[in-house]
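FYI, side chains are in, hydrogens and waters are out, and symmetry mates aren't considered; it's all heavy atoms of this structure. Sequence lines set the chain letters: A, B, ... in the order given, protein chains first and strands last, and positions in each chain run from 1.
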Number of protein chains: 2
Amino acid sequence: MTTDIHGTVDQQLRRSRQRYTQGRRQLVDLLVGAGRPVTIPELLDLGARQSQSSIYRNLAILEQAGAVRRLTSTDDTGRFELAEELSEHHHHLVCSECGGIEDITLPDEVEEALHEAVTTAQRDRDFAVDAHHLELVGTCGDCG
Amino acid sequence: MTTDIHGTVDQQLRRSRQRYTQGRRQLVDLLVGAGRPVTIPELLDLGARQSQSSIYRNLAILEQAGAVRRLTSTDDTGRFELAEELSEHHHHLVCSECGGIEDITLPDEVEEALHEAVTTAQRDRDFAVDAHHLELVGTCGDCG
DNA sequence: CTCCGTGCAAACTTTTTGCAACGGG
DNA sequence: CCCGTTGCAAAAAGTTTGCACGGAG
């Protein structure tokens with residue numbers, strides 16, 4: 001079976017003293033279905049049955065609870081994806097033309113090299129690294 | 001000698017049929033001096049002698065010419081840095097508390113592994129990668 | 001019955017644009 | 001002179017908030 005996403009989100013929300021409402025559940029479903037970071041307009045297009053302001057509020061709550069991550073791309077509208085705790089560790093292909101983002105995973109050996117580099121990096125700095133994330137910037141198929 | 005940044009920017013702007021005005025030169029100087037991505041308010045604090053709207057316009061022109069890169073962090077105000085063509089290839093430590101960003105460079109062997117991974121990644125996808133950029137997300141010294 | 005969550009509309013923040021004045025080439 | 005650049009103020013885009021209603025526990 002795949003990990004029980006809704007169960008995990010429910011726990012995360014409880015920890016934040018928040019409820020797993022219909023609206024929040026639906027946003028999680030939409031994010032799972034998208035498989036890439038999406039914008040608020042995209043969520044509405046995908047059939048989110050709630051007002052724009054509720055989407056913002058619910059995503060903010062989900063983000064605080066650790067279920068969702070907010071990104072920005074080259075265009076300037078926020079994009080949202082499931083937190084890594086709920087999805088696979090991955091990175092992003094970012095199109096500098098349209099701002100679109102696709103997910104990508106890297107070979108294990110590269111991840112290992114990265115992890116090692118991260119460990120070394122924080123030894124030299126007064127900075128506690130929680131996560132790493134690689135952006136490959138270029139032009140997507142649609143824009144190319 | 002260090003590379004002649006102003007000469008290079010001048011050429012880049014000419015290629016875009018734009019002039020290297022006082023204001024643009026000053027922005028480049030401020031970015032060089034900062035040594036990390038800065039926001040518009042920070043540029044004003046650092047003594048930019050031009051209106052906010054001119055800063056936006058000039059940074060947009062410099063970005064189009066390839067001299068400046070625009071980023072966003074966890075807070076939601078744009079941040080600007082010199083393009084890699086004018087600076088050393090580097091990556092970023094991003095503070096999830098305050099949104100601040102610091103520059104960091106990686107060991108050559110990691111860069112090589114990354115470069116190889118990038119090459120492989122784009123072979124499998126309809127996506128032309130121009131550049132890569134690693135974000136190490138965590139908590140900076142001030143916030144920790 | 002009590003709260004929390006929601007939609008709507010208004011407020012706010014950041015960024016972009018219109019317009020008239022300025023200034024370097 | 002002339003055209004690009006600037007500052008100011010207004011507009012636009014994205015996001016957040018106030019408020020009153022409605023629904024879940």
Rounded to whole angstroms, how far apart are CZ on B/Arg49 and P on C/dG23? 14 Å

Does the distance from a Lys or Arg side-chain N to an Asp or Glu carboxylate O, for B/Arg70 and B/Glu63, drop under 4.0 Å? no

Pick base, sugar-phosphate or nothing for B/Gln52, based on heavy-atom distances below 4.0 Å to the nucleic acid. base

So, OP1 or OP2 of D/dT15: does either fall under 4.0 Å of a side-chain N or O from A/Tyr56? yes

With 3.5 Å as the limit, what N/O pairs link the protein to nucleotides 9-11 of chain C?
none

Is there a side-chain polar atom (N or O) of B/Ser54 under 4.0 Å from OP1 or OP2 of D/dG7? yes

Side-chain polar contacts of residues 26-43 of chain A - donor-acceptor pairs under 3.5 angstrom, sequence neighbours left out - could you list them?
{"unit_1": "A/Gln26", "atom_1": "OE1", "unit_2": "A/Arg49", "atom_2": "N", "d": "3.0"}
{"unit_1": "A/Gln26", "atom_1": "NE2", "unit_2": "A/Gly47", "atom_2": "O", "d": "3.2"}
{"unit_1": "A/Asp29", "atom_1": "OD1", "unit_2": "A/His6", "atom_2": "NE2", "d": "2.8"}
{"unit_1": "A/Thr39", "atom_1": "OG1", "unit_2": "A/Glu42", "atom_2": "N", "d": "3.2"}
{"unit_1": "A/Glu42", "atom_1": "OE1", "unit_2": "A/Thr39", "atom_2": "N", "d": "2.8"}

Separation of C/dC8 atom C1' from A/Ile55 atom CD1, nearest Å, is 14 Å

Just the rounded figure in Å: distance from P of C/dG5 to CG of A/Leu59. 15 Å

Tell me, please, which residues at least two apart from B/Glu85 pass side chain to side chain donor-acceptor pair (under 3.5 Å). B/Gln12

Can you name the side-chain contact (heavy atoms from CB on, under 4.5 Å) partners of A/Ala113, sequence neighbours left out? B/Ala113

Side-chain donor-acceptor pairs of residues 122-131 of chain A under 3.5 Å, sequence neighbours excluded:
{"unit_1": "A/Gln122", "atom_1": "OE1", "unit_2": "A/Val129", "atom_2": "N", "d": "3.1"}
{"unit_1": "A/Arg125", "atom_1": "NH1", "unit_2": "B/Glu102", "atom_2": "OE1", "d": "2.9"}
{"unit_1": "A/Arg125", "atom_1": "NH2", "unit_2": "B/Asp103", "atom_2": "O", "d": "2.3"}

Taking only residues two or more places apart in sequence or in another chain, which ones pass side-chain contact (heavy atoms from CB on, under 4.5 Å) with B/Glu97? B/Cys95, B/Thr139, B/Cys143

Kindly calculate the angle separating the two end axes of the helix from C/dC1-D/dG25 to C/dG25-D/dC1, each obtained from five base pairs, and round it to 10 degrees. 30°

Check the distance between C/dT17's P and B/Asn58's CG and give it to me in whole angstrom. 14 Å

Provide, to the nearest angstrom, the distance between the CG atom belonging to B/Leu71 and the P atom belonging to C/dT15. 12 Å

Which ones in residues 8-40 of chain B lie close to DNA chain C, meaning a heavy atom under 4.0 Å from one of its atoms? none

Side chain to side chain donor-acceptor pair (under 3.5 Å) involving A/Thr21 - partner list, sequence neighbours excluded: none

For B/Ala121, all residues meeting side-chain contact (heavy atoms from CB on, under 4.5 Å), sequence neighbours excluded: A/Ile104, A/Leu136

Starting at CG of B/Leu71, measure out to OG of A/Ser73 and round the result to the nearest 0.5 Å. 11.5 Å

Test of understanding: with side-chain contact (heavy atoms from CB on, under 4.5 Å), list the residues that count as partners of B/His89, not counting sequence neighbours. B/Glu84, B/His91, B/Glu111, B/His132

Taken in chain and number order and not counting sequence neighbours, the residues that satisfy ring pair (Phe, Tyr, Trp, His ring centres under 6.0 Å) with B/His92 are B/His90, B/His133

Atom CG of B/Asp75 and atom C1' of C/dT15: how far apart are they, to the nearest Å? 15 Å

Whole angstrom value for the distance that separates C1' of C/dT14 from CZ of B/Arg79: 14 Å

Between C1' on D/dA13 and CG on B/Asp76, what's the gap in Å once rounded to a whole number? 12 Å

